[in-house]
Amino acid sequence: VADLKQISGISKSLDREKIPYGTVNLSNPDGIGVTTDDAAGVENAVRLLHKNKHKTLAYAEFATKNRKTISEYKYRRLDGFLRGMRKYYPECKNPIQLYIDPKKGFDRTYMSDIFQKLRRMNVDGVICESDVPAIALNNIASAEGYSVPQVFSLIGFGGSMLAETSFPKITTVVQNFEEMGKITANAVIDKIDKKNGSGISNQLIPVKITIRDSLKKRK
């Protein structure tokens with residue numbers, strides 16, 4: 001996973017000096033790592049759309065040209081979407097995956113093409129890998145003369161300020177960064193106090209979905 005490779009130099013130095021450390025929002029197979037259960041969060045988003053009788057779902061993420069640089073969270077969240085589709089939409093053999101160029105995510109012409117593609121496929125529910133593509137889709141829907149969630153429901157990931165201050169406010173899978181940091185710090189302190197004690201290893205923190213105006217509720 002790209003994230004571990006990026007910090008490999010630092011982690012090797014810490015290990016060499018026998019300095020306890022932990023990673024936040026990133027797993028750490030050889031030590032202390034605390035992150036959110038991203039896969040479960042996206043799977044629950046699929047379940048929420050299924051519960052509200054959405055028929056055709058799509059998963060939107062920023063495209064990554066070099067697969068060697070794909071972040072851990074991208075794997076986890078996509079896996080959650082595919083897992084949710086198998087569970088709640090077993091009749092869908094080819095789940096829709098939408099790739100957005102991160103450099104063009106707020107370009108009107110480019111996003112208009114993305115929007116029209118979703119319309120042609122009759123997508124009525126979109127789950128995004130983060131709040132940023134959700135905001136981009138919300139913006140283009142408005143620019144094209146439509147409104148969310150009338151055209152399609154939107155669910156982001158992260159629980160960022162962007163999702164809360166957009167119009168309409170975006171439903172999002174919320175990550176508890178404060179809790180992650182607290183657990184990691186306590187685990188590192190515990191390991192120091194115990195002198196080579198194991199502390200915790202890897203831990204996934206549950207996430208929750210904050211439902212806002214971008215979700216179309218159906219009886």
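All residue numbers refer to positions in the sequence shown, counting from 1. What you see is a predicted model; the values in this text were computed from it and never measured.
- Of the listed residues (Lys217, Lys216, His54), just one forms a side chain to side chain donor-acceptor pair (under 3.5 Å) with Ser153, and that residue is His54.
- Closest approach of Ala60 and Leu137 over heavy atoms only: CB-CD1, 4.2 Å.
- Side chain of Asp37 to main chain of Ile205: no donor-acceptor pair is present (N/O by atom type, distance under 3.5 Å, no hydrogens or angles).
- At least one side-chain heavy atom of Lys117 sits less than 4.5 Å from a side-chain heavy atom of Leu98.
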Inset, instruction - Take Leu204 and Thr36, measure what side-chain contact (heavy atoms from CB on, under 4.5 Å) needs, and give me the verdict at the end. - result: CA-CA 5 Å; Leu204 294 177; Thr36 49; over 6 Å; no
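- Smallest separation of non-hydrogen atoms from Asp213 and Pro168: CB-CB, 3.6 Å.
- Side chain of Arg77 to backbone of Ala39: no donor-acceptor contact under 3.5 angstrom is found.
- One finds a salt bridge joining Glu72 and Arg76 here, because a Lys/Arg side-chain nitrogen approaches an Asp/Glu carboxylate oxygen to under 4.0 Å.
- Side-chain N or O atoms of Ser71 include none that pairs as donor or acceptor with a backbone N or O of Tyr73 at under 3.5 Å.
- Side chain of Asn44 to backbone of Ala40: a donor-acceptor contact under 3.5 angstrom is found.
- Using a 4.5 Å heavy-atom cutoff, the side chains of Ile114 and Ile140 are not in contact.
- Considering only heavy atoms from C-beta on, Ile96 comes within 4.5 Å of Val123 through its side chain.
- Atom CD of Glu43 sits about 4.5 Å away from atom CZ of Arg83, to the nearest 0.5 Å.
- Under the 4.5 Å side-chain contact rule for hydrophobic residues, Phe152 and Phe167 do not share a cluster.
- With a 4.5 Å cut-off on side-chain heavy atoms, Arg86 and Leu82 count as touching.
- Remark: side-chain polar atoms of Asp131 are paired, donor with acceptor, to backbone N or O of Gly159 under 3.5 angstrom.
- Using a 4.5 Å cut-off on side-chain heavy atoms (C-beta onward), Leu49 and Leu215 make contact.
- Distance check, rounded to the nearest 0.5 Å: OG of Ser160 to CD of Glu164 gives 9.0 Å.
- Side-chain contact between Ile100 and Tyr110 is present, with heavy atoms from C-beta onward closer than 4.5 Å.
- To the nearest 0.5 angstrom, Asp101 atom CG is 10.5 Å from Thr64 atom OG1.
- Crowding of Phe106 atom CZ: a count of heavy atoms from other residues, nucleotides or ligands under 6.0 Å exceeding 12.
- Distance check: Ile183 CD1 to Gln203 CD gives 4.5 Å after rounding to the nearest 0.5 Å.
- Atom CZ of Arg212 sits about 6.5 Å away from atom OG1 of Thr172, to the nearest 0.5 Å.
- Cluster membership for Val148 and Ile155, using ILVMFWY side-chain heavy atoms within less than 4.5 angstrom, is not shared.
- A donor-acceptor contact shorter than 3.5 Å is absent between the side chain of Ser130 and the backbone of Phe157.
- At a threshold of 4.5 Å between side-chain heavy atoms, the hydrophobic network of Ile, Leu, Val, Met, Phe, Trp and Tyr places Tyr59 and Val207 in one connected group.
- Looking at every heavy atom in both residues, Ser214 comes nearest to Pro149 through O-CB, 3.2 Å.
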Inset, instruction - May I have the step-by-step check of side-chain contact (heavy atoms from CB on, under 4.5 Å) for Glu61 and Cys128, ending in yes or no? - result: CA-CA 6 Å; Glu61 64 175 308; Cys128 300; over 6 Å; no
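- Val42 is not connected to Ile135 by any chain of hydrophobic side-chain contacts under 4.5 Å among Ile, Leu, Val, Met, Phe, Trp and Tyr, and they are in different clusters.
- Closest approach of Ala58 to Phe81, counting heavy atoms only: C-CZ, 4.0 Å.
- Within the 4.5 Å cutoff, no side-chain heavy atoms of Ile209 are placed close to those of Val174.
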Legend entry - Residue pair His50, Tyr89: steps toward the side-chain contact (heavy atoms from CB on, under 4.5 Å) verdict: CA-CA 8 Å; His50 180 265; Tyr89 294 87; 3.5 Å; yes
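- Salt bridge Asp124/Arg119: absent, no basic N to carboxylate O contact under 4.0 Å.
- Residues Gln97 and Tyr99 have side chains that bring a donor and an acceptor to within less than 3.5 angstrom of each other.
- In the displayed structure, Gln150 atom CD is contacted under 6.0 Å by more than 12 heavy atoms of other residues, nucleotides or ligands.
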Inset, instruction - Go through the steps for Thr171 and Ile211 under the test side-chain contact (heavy atoms from CB on, under 4.5 Å), then give the verdict. - result: CA-CA 5 Å; Thr171 295; Ile211 298 175; 4.3 Å; yes
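- The hydrophobic cluster containing Val173 also contains Ile127, counting ILVMFWY residues as joined when their side-chain heavy atoms lie under 4.5 angstrom apart, directly or transitively.
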Inset, instruction - Output, in order, the C-alpha distance, side-chain angles, deciding distance and verdict of ring-ring contact (aromatic ring centres under 6.0 Å, His included) for Phe115 and Tyr146. - result: CA-CA 10 Å; Phe115 178 78; Tyr146 295 85; 5.3 Å; yes
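- Rounding to the nearest 0.5 angstrom, the gap separating the NZ atom in Lys93 from the CE atom in Met85 is 11.0 Å.
- At least one donor-acceptor pair closer than 3.5 Å links the side chain of Thr184 to the backbone N or O of Met180.
- Looking at Ser166, its side chain does come within 3.5 Å of a backbone N or O of Ala163 through a donor-acceptor pair.
- At least one donor-acceptor pair under 3.5 Å links the side chain of Thr165 to the backbone N or O of Met161.
- Remark: side-chain polar atoms of Lys87 are not paired, donor with acceptor, to backbone N or O of Val46 under 3.5 angstrom.
- Side chains of Leu26 and Thr35 form no contact here, defined as non-hydrogen atoms less than 4.5 Å apart.
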